[in-house]
Amino acid sequence: MLALMDRGTEIPAAATLEQVGDVRLEFGDDPENSMLASSHLLRLASPVFNRMLQSGMKEAQHSVIKVDVAGKDEFNAFYDLLLPKAWSAEVVTEHNVDSLLGISDYYQVESIKQKCESRLLLLPPTGTRLLQAHKHGLKQQYQRCIGALAKRSTKEDLEVLRQSEPDILLEVALRKQDVLKPLLPLKRMRKEIAKCKAALDGDEDSDDDDSESAVGNVDTPTAATLEQEEFVAFYSLLGLWAWDADKVTVENVDSLLAISDYYQVDIIKQTCEKLLLSLPPTGTRLLQAHKHGLKQQYQRCTGTLARRSTKEDLEVLRQSEPDILLEVALTKQALLDIFMALEELRTLHPEQEGLVALQKANNTSLIHSFHNKP
């Protein structure tokens, strides 16, 4: 065809957006805040736009589409990537990846969404990135962030999970347990921990119980729901010369704790806590300690569940007290910091392992409680 043209004839330019734009995209409530777009291009790229612009749909009838998922500038950057020869993975940057991901996921443009995930895989994993991956179905990014946060996470990372998705916080806590599990039985760690302990001055050993045993759900009834015989057992302890700590048993400790806490009878309440300190720590026991203000039992259960907890322990915390689940997850992270510091110093500074590891971990109580376990 070019051969048939006169040499002085100019080759026609490509069509402009104004020439091919047959649908108007409106952003917000201001009709002036809009842009033209090609319906053919939108339909080819997105199944969502394709449904909107099919015959009979109001968007097709009026040639107007309301865009709520992004602003005009953000959508314009997305639309530019749909134009012929405009696509390049380098166009997706750290600065625009969040908006492009949101738009491409909403309109189901998989090519752009996949490039967004590729970019996110190069950025630091955080709690916010984990939530983003969950929201937009980025499976590879989700697993990467879960794995990274299981090994090392900040309080801010875990806090954002607690506020938005306690189920994901539970998953991170379980993964932390998986990371800790192979580290806990290592006898070769005892020398390093002993060095740390020897460097301490004036701290007392923890008497935590590291039993892996679990107990059933523990009911802590309120005074309004107490059975008569339970209150009789409580009342019998109040009589003159009637007090005997041995009368608080495994069978009645839960009811006696509830009654003594409600009526503020501290001598019975303290005896109940003393007995509970000898029972296996579980998620339910931790909730019980939190409810009745048993500080020593609470710290014991938190420390033990940080070292070793079942899915059931963490699940009961997720359902009842996500804040306590967050605390357990943070304590697990403190333990991981200790182990990682020891591993690093064993290689780099073997002569200073104990004391420097202690300074890096900054958690002497956890070192003590672990040191005392078989």
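Heavy-atom basis, side chains included; hydrogens, waters and symmetry copies ignored.
Hydrophobic clustering (ILVMFWY, side-chain heavy atoms < 4.5 Å, transitive): L81 and L83 are in one cluster. Under a hydrophobic clustering in which Ile, Leu, Val, Met, Phe, Trp and Tyr are joined whenever their side-chain heavy atoms come within less than 4.5 Å, directly or via other members, V69 and I65 fall into the same cluster. Linking Ile, Leu, Val, Met, Phe, Trp and Tyr residues whenever their side-chain heavy atoms come within less than 4.5 Å places I259 and I267 in a single cluster. Under the 4.5 Å side-chain heavy-atom criterion for ILVMFWY residues, no single connected hydrophobic cluster contains both M52 and L44. Note on V316: it clusters hydrophobically with L174, by side-chain heavy-atom contacts below 4.5 Å among ILVMFWY residues.
At a threshold of 4.5 Å between non-hydrogen side-chain atoms, the residues I268 and Y263 do not count as touching. Inter-residue side-chain proximity for R129 and D98 is flagged as met; some heavy-atom pair is nearer than 4.5 Å. Using a 4.5 Å heavy-atom threshold, the side chains of V328 and L286 count as touching. Side chains of D105 and K135 form no contact here, defined as non-hydrogen atoms less than 4.5 Å apart.
Using bins of under 30°, 30° to 60° and over 60° for the plane-to-plane angle, the ring pair H134/Y142 lands in the tilted bin.
The backbone N or O of R300 lies less than 3.5 Å from a partner atom in the side chain of T304, making a donor-acceptor pair. Checked by atom type and distance alone, the side chain of D80 never pairs as donor or acceptor with a backbone atom of A77 at under 3.5 Å. Remark: the backbone N or O of A306 is not paired with any side-chain donor or acceptor of T331 at under 3.5 angstrom. For S99 (side chain) and N96 (main-chain N/O), a donor-acceptor pair under 3.5 Å exists by modelled atom type. Between the side chain of K115 and the backbone N or O of V91, no donor-acceptor pair lies under 3.5 Å. The backbone N or O of K151 sits less than 3.5 Å from a side-chain atom of Q333, completing a donor-acceptor pair. Of the possible donor and acceptor atoms, one in the side chain of E117 sits under 3.5 Å from a partner among the backbone N and O of Q140. Formation of a donor-acceptor pair under 3.5 Å by the K269 side chain with backbone atoms of L257 is not found in this model. E273 contributes a side-chain N or O that, together with a main-chain N or O of Q297, makes up a donor-acceptor pair within less than 3.5 Å.
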Just do the side chain to side chain contact (heavy atoms under 4.5 Å, CB included) check on L120 and Q132 with the steps written out, would you? CA-CA 10 Å; L120 290 170; Q132 180 186 55; 3.5 Å; yes

S153 and K176: side chain to side chain contact (heavy atoms under 4.5 Å, CB included), yes or no, with the steps? CA-CA 10 Å; S153 52; K176 285 184 181 294; 2.8 Å; yes

Determine, stepwise, if the pair S38 / Y79 fulfils side chain to side chain contact (heavy atoms under 4.5 Å, CB included). CA-CA 10 Å; S38 167; Y79 184 77; 3.6 Å; yes

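Remark: E26 pairs with K66 by the salt bridge (Lys or Arg N to Asp or Glu O under 4.0 Å) rule, at least two apart or across chains. Applying the salt bridge (Lys or Arg N to Asp or Glu O under 4.0 Å) rule to R318 yields the partners D167, E315; only residues at least two apart in sequence or on another chain are considered. When the side-chain hydrogen bond (donor to acceptor under 3.5 Å, both in side chains) test is applied to S104, no partner is found at least two apart in sequence or on another chain.
Taking every heavy atom of both residues into account, V253 and C272 meet most closely at CG2-O, 3.7 Å. The shortest heavy-atom contact between R144 and L122 is NH2-C, 4.4 Å. Of all non-hydrogen atoms in V67 and Y107, the two that sit nearest each other are CG1-OH, 3.8 Å. Closest approach of P322 to L169, counting heavy atoms only: O-CD2, 4.0 Å. In terms of heavy-atom proximity, F75 sits nearest to A70 at N-CB, 4.4 Å. In plain terms, the two heavy atoms of L149 and V172 that are nearest each other are O-CG1, 4.1 Å.
At a cut-off of 3.5 Å, with distance as the only test, no side-chain donor of N252 or S255 sits close to an acceptor on the other residue. Counting only N and O atoms by type, the side chains of D313 and T310 include a donor and acceptor under 3.5 Å apart. Under 3.5 Å, the side chains of R51 and Q54 contain no donor-acceptor pair of N or O atoms.
Considering CG of L161 and OG1 of T128, their distance stands at 8.0 Å, rounded to 0.5 Å. Distance check: N33 CG to M35 CE gives 11.0 Å after rounding to the nearest 0.5 Å. Here the NZ-OG distance, from K113 to S118, works out to 12.5 Å after rounding to the nearest 0.5 Å. Note that CG of L82 is 7.5 Å distant from OG of S111, once rounded to the nearest 0.5 Å.
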